[in-house]
Amino acid sequence: MKITSMQLDRRSFLKASALAGGGVLIGLYTDPDILAQRGGPVQPTPVNPSTFITVHPDNTFTIIAKNPETGQGIRTALPMVIAEEFDVDWKQVKIQQGDLDPRFGRDMGAPNVGQIEGGSTATPQNYAPHRNVGAAARMMMVSAAAKQWNVPEIELTTASGIVTHTASRRTATYASLAQTALTMPAMAVGDIKLKDQKDFKIMGTRVPGVDNLAIVTGKPSFSIDINPPGMLFAVFEKCPVFGGKVMSANVEEVRKSPGVRHAFVVEAPPPPPAAPAGGGGPFGGGPRWASGVAIVADTWWQAQNARTKVLKVVWDEGPVASESSVGYMAKIKGMAAKASDAPAGGGPRAAKEGDAEAAFKTAAKIVEAEYEFPLLSHAPLEPQNSTAWYKDGKLEIWSPSQIPGFQNAAVPAGIQNTDVTFHLVRAGGGFGRRLASEYDIEVSKIARMVADERAKAGQPSVPVKLLWSREDDMHFDNYRPAGYHYFKAGLDASGKLIAFRDFVGSYGGTSVIPANEFPRGFVPNFWVSDGQATPFNIPTGALRAPSTNGISFVMQSIIDEIAVAAGKDPLQYRLDLLASPVAPGTPIPGGFNAERAKGVLEAVRDMSGWNNRSKLPKGTGMGVSFQFAHAGYVAYVAQVSVDSSKKIKVDKAWAAIDIGNQIINLSQSENLVEGGFVEGMSHLMAWEITIDKGRVVQNNFGQYQPTRMRQLAPNTIEVKFLKTNFPPTGLGEPSLPPAPPALTNAIFAATGVRIRALPLAKQGYSWV
C-alpha cells in the first residue's frame with residue numbers, strides 16, 4: 001500500500017512493557033537499549049507518555065490521544081484510527097489525553113510535527129502512523145497467539161480484541177495474550193500489514209465525541225475548568241495600545257483590595273537581537289511578553305474587581321497610538337492609483353504570466369471591481385487562559401494551546417525545557433488563535449514571580465490560573481489580516497476570460513496575496529501584485545483557513561461577477577474555466593487539481609438542483625463558490641431569501657467535499673462542515689475589528705456578534721463527501737472559506753445587488 005503522508009521511522013519499534021496491576025503497554029521506542037533488545041521478559045515500566053495503547057486485564061484498552069483538542073474532534077478521531085487497525089470494538093476503548101512529549105514526533109519519524117492543532121494537519125500527518133501503530137499491535141497479539149498454540153499466524157484472525165483459530169475453535173482475548181506479548185521481539189515498523197479499507201468497522205461511522213457527555217452535563221472539560229488545590233487567580237492588565245509599556249502603577253493600593261495576595265509590574269523583556277538575513281524563525285526571537293500589571297487573588301472576580309475599580313496605570317503608549325484603520329485605508333487608496341506600476345514577480349506574493357495589459361486593449365468587454373474585507377478577531381467562546389505551578393525549580397502547566405511548546409513556559413520562568421511538565425487540556429475553540437501562546441508565557445512569568453514572593457514571605461508555592469476577560473481576548477488578539485483588492489478582467493467576444501489582474505493593497509501580513517489562487521493556470525494573461533500599508537504594528541496571525549478565509553470571498557465573488565458579465569451560468573462558467581488550462585499537463589501552481597475541483601462543483605450542482613433555480617420565487621436566489629484549501633476541495637451552493645428591509649434568511653445550503661479516500665468520523669466531519677459554514681456567516685454579517693489611536697475599538701460580543709442558533713434552522717446544510725483516490729486530509733480549514741461568497745453570490749442572484757465589502761451589517765443587512 002502506497003503511503004504518501006508521514007510514516008513511522010524505520011528505526012522506530014513497537015514494544016510491549018509490563019504495567020503494575022497486570023496490564024501491558026504498547027508504544028513506540030527509539031531508545032538504543034530497546035533497539036538492541038530482541039526478546040526476553042522486561043521489567044515493569046512506568047506509564048510512558050509516548051505509549052499509545054494500554055491493554056487492561058478485563059480486555060479493555062486505553063488509547064492515547066496525542067494532539068490538542070479544540071473542538072475539531074481529533075481526540076476522538078486519531079484513537080479511532082488506532083482502534084480500527086488494532087481490531088477492537090469502540091466500546092472497549094477509553095481515551096486518555098497525552099502530555100506534551102517530543103517522542104510523539106521523534107518516535108513517529110517526524111521530529112518537527114509532534115503535537116500540533118493547526119492547518120488541518122492532524123489527519124494527513126497522523127493517519128498513516130496511527131494505522132501503523134494499531135496494525136502492528138494487532139500483529140503482536142497474533143504472533144503471541146501463534147506462539148501459545150504453535151500454529152501458523154496465517155491461520156489466525158482477529159475481531160473485538162480476540163484472536164481466533166477457526167480450525168481448532170480456540171480463542172484468546174488480547175488481555176490473555178498480553179504476558180506472552182511481553183516475551184515477543186520488538187516489532188520493526190517496516191513489517192506491517194494494514195487492513196483493507198472495505199473491512200473497516202470503526203472508521204467511516206458516526207462516533208460521538210469522547211467529551212460530549214461531560215460537556216452537555218456541565219462537567220469540567222475545558223482548560224478554564226482546571227482547579228488544582230490551593231490555586232490563586234490572576235489577571236494581567238496590558239496597555240490598550242499595542243507595544244505600550246507601564247510607566248507607573250498603584251500596586252501598593254491594589255494589594256490592599258479584598259482577596260488580593262499579590263500585585264506587581266511585569267516588565268517586558270528587552271528586544272531580541274536582530275535576526276540574521278533570512279533567519280529568525282517564526283517566533284520573532286523566542287517567547288516574549290508584554291509590559292503590564294499582574295493582580296493575583298483568591299478568586300478571579302476579586303482580581304478583576306481590583307483591576308477595574310482600584311488599579312491605575314500611567315502608560316507610555318508609544319508610536320502605535322498614531323495608527324488607525326482610517327489611516328491604513330488612506331494609504332491603500334493611494335497605492336491603488338499606482339497599481340499599474342507595481343513590480344511583477346513570482347512566488348507567493350506576486351505572479352505575472354502572459355501580458356494582461358496588452359490583452360485588455362483587445363478585449364471585447366472589461367470588468368473592473370473593488371473588494372475589501374476587514375481585520376477579524378477569532379473570538380473563541382472560552383477566553384485565553386492557562387494554569388501554571390512553579391515549585392522547587394520546576395514548572396507544571398495546564399494549557400489549551402494549539403501548538404504547545406516547552407519554551408513558552410520555560411523561558412519566562414527562567415528554567416530549562418527539561419524542567420517543564422506540559423499538560424494538554426481541551427480548549428473551548430481555537431480557530432488559529434491558540435497557535436500564539438501569550439497566555440502560557442504570561443502565566444509562567446506570573447507564577448514564577450508569585451512563587452518568589454511567597455518564598456521570601458515563608459509561604460508555600462501555589463498554582464496560578466491566568467484568565468483573560470472577554471475584553472482582553474478581543475483587544476489582544478492576533479487578528480486575521482485585512483485585504484483590499486482592485487480587479488480588472490478582460491473577456492473576448494464569446495465571454496471567455498482572456499486577462500485577469502488583481503492588485504492587492506493589504507495590511508497585517510502577506511497572507512492575503514492570492515498569487516496561486518484560481519483562475520491562475522486557466523487564463524492566459526494573469527497578473528497579481530501587492531502593496532503593504534506601513535507602518536502597521538497590530539499583531540496578526542492565522543485564522544481558520546489562513547489565508548483563504550478572506551481570499552475566497554473576493555476571488556469567488558469576482559469570478560461570479562465575470563460570469564454574469566459574460567452572460568453565462570456562474571457554475572458552468574467555473575467548470576468551463578477548469579476544463580481549459582493554459583498549459584495542459586503542466587502542474588498548476590500551489591498543487592491545485594482541476595479534476596477534483598470539477599468533481600465537487602458537479603456534485604453540488606446535482607445535489608442542489610442548480611439547473612432549476614429559475615423556478616425560485618422573487619427575492620430568492622442561489623449562489624455558488626468553491627475553494628481549494630489545505631489539500632481539501634469544498635463547493636457550496638447556498639439559497640437565500642432577502643426581503644425589502646434587507647433581512648436575509650438562509651433557506652438551504654449544499655456542500656460537496658473531497659478530502660480523500662477516507663472519512664474517519666462521519667459525525668464529526670459533518671459537524672466541521674456545518675460549523676465552517678456557520679462561522680462563515682459570522683464573517684459575512686457582523687465581524688469586523690477596527691483600530692483607532694493604536695487600539696481595538698470593539699470590546700465584546702455586543703460589538704462583534706457571532707451567528708446565533710436561531711439564525712439557521714436545523715438540517716439546513718446538506719453534506720456529501722466524495723471518495724477519491726488521494727490520501728485523507730483535514731476538514732476544519734477547507735469548510736469555511738467558500739461559505740461567505742456562496743452567500744453573497746446568492747444575495748446577488750436574489751436582489752441584483754453585488755456585495756463587494758464585508759461585513760454586511762454596515763450596509764444595512766441583518767439575519768431574519
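What you see below is based on every heavy atom in this structure, not just the backbone, and it leaves out hydrogens, waters and symmetry mates. Numbers for residues simply follow the sequence, beginning at 1.
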Shortest non-hydrogen pair, Ser506 vs Ala482, comes out as CB-O, 3.6 Å
Are a donor atom and an acceptor atom from the side chains of Asp477 and Ser377 found within less than 3.5 Å of each other?
yes
Is there side-chain contact between Pro759 and Trp687, with at least one heavy-atom pair below 4.5 Å?
no
Do you know which two heavy atoms are closest between Tyr636 and Val604, and how far apart they sit?
C-CG2, 4.0 Å
Measure from NZ or CZ of Lys465 to the centre of the six-membered ring of Phe233 and say whether it is under 6.0 Å with the direction within 45° of the ring axis.
no
Residue from Arg426, Arg75, Glu69, His423 passing side-chain hydrogen bond (donor to acceptor under 3.5 Å, both in side chains) with Gln97
Arg75
Hey, does the side chain of Gln115 reach the backbone of Lys66 with a donor-acceptor pair shorter than 3.5 angstrom?
yes
Salt-bridge present (Arg434, Glu117; N to O < 4.0 Å):
no
Ring centers of Phe373, Phe553 separated by less than 6.0 Å:
no
Donor-acceptor check, side chain of Gln402 to backbone of Gly432, threshold 3.5 angstrom: yes or no?
yes
So, do Phe222 and Asn385 sit near enough that their side-chain heavy atoms are less than 4.5 Å apart?
no
Would you check if the side chain of Ser667 reaches a backbone N or O of Pro208 as a donor-acceptor pair within less than 3.5 Å?
no
Would you say the side chain of Leu736 lies within less than 4.5 Å of the side chain of His683, judging by non-hydrogen atoms?
yes
Under 4.5 Å between any side-chain heavy atoms of Ile747 and Leu760, yes or no?
yes
Quick check: does any side chain N or O of Thr744 sit under 3.5 Å from a backbone N or O of Pro741, one acting as donor and the other as acceptor?
yes
Does a donor on one side chain sit under 3.5 Å from an acceptor on the other, for Glu679 and Thr707?
no
So, Ser552 versus Gln627: side-chain donor-acceptor pair below 3.5 Å or not?
yes
Derivation and outcome, side-chain contact (heavy atoms from CB on, under 4.5 Å), residues Thr217 and Leu213
CA-CA 6 Å; Thr217 56; Leu213 181 61; 3.9 Å; yes
Under a 4.5 Å cut-off applied to non-hydrogen side-chain atoms, are Gln302 and Asn305 in contact?
no
Should the pair Lys693-Glu317 be classified as a salt bridge under the 4.0 Å nitrogen-to-oxygen rule?
no
Enter the distance from Trp654:CH2 to Gln639:CD here, rounded to the nearest 0.5 Å.
4.5 Å
Using a strict threshold of under 4.0 Å (side-chain N to carboxylate O), is an ion pair present between Lys445 and Glu438?
no
Quick check: are there more than 12 heavy atoms from other residues, nucleotides or ligands sitting under 6.0 Å from NZ of Lys720?
no
Report the relative orientation of the aromatic rings in Tyr439 and Trp468; use parallel for angles under 30°, tilted for 30 to 60°, perpendicular for over 60°.
perpendicular
What is the minimum heavy-atom distance between Ile441 and Pro287, and which atoms define it?
CD1-CB, 3.8 Å
Hey, are the side chains of Glu670 and Phe721 touching, using non-hydrogen atoms and a 4.5 Å cut-off?
yes
Give a yes-or-no answer on whether the side chains of Asn699 and Glu471 include a donor-acceptor pair shorter than 3.5 Å.
no
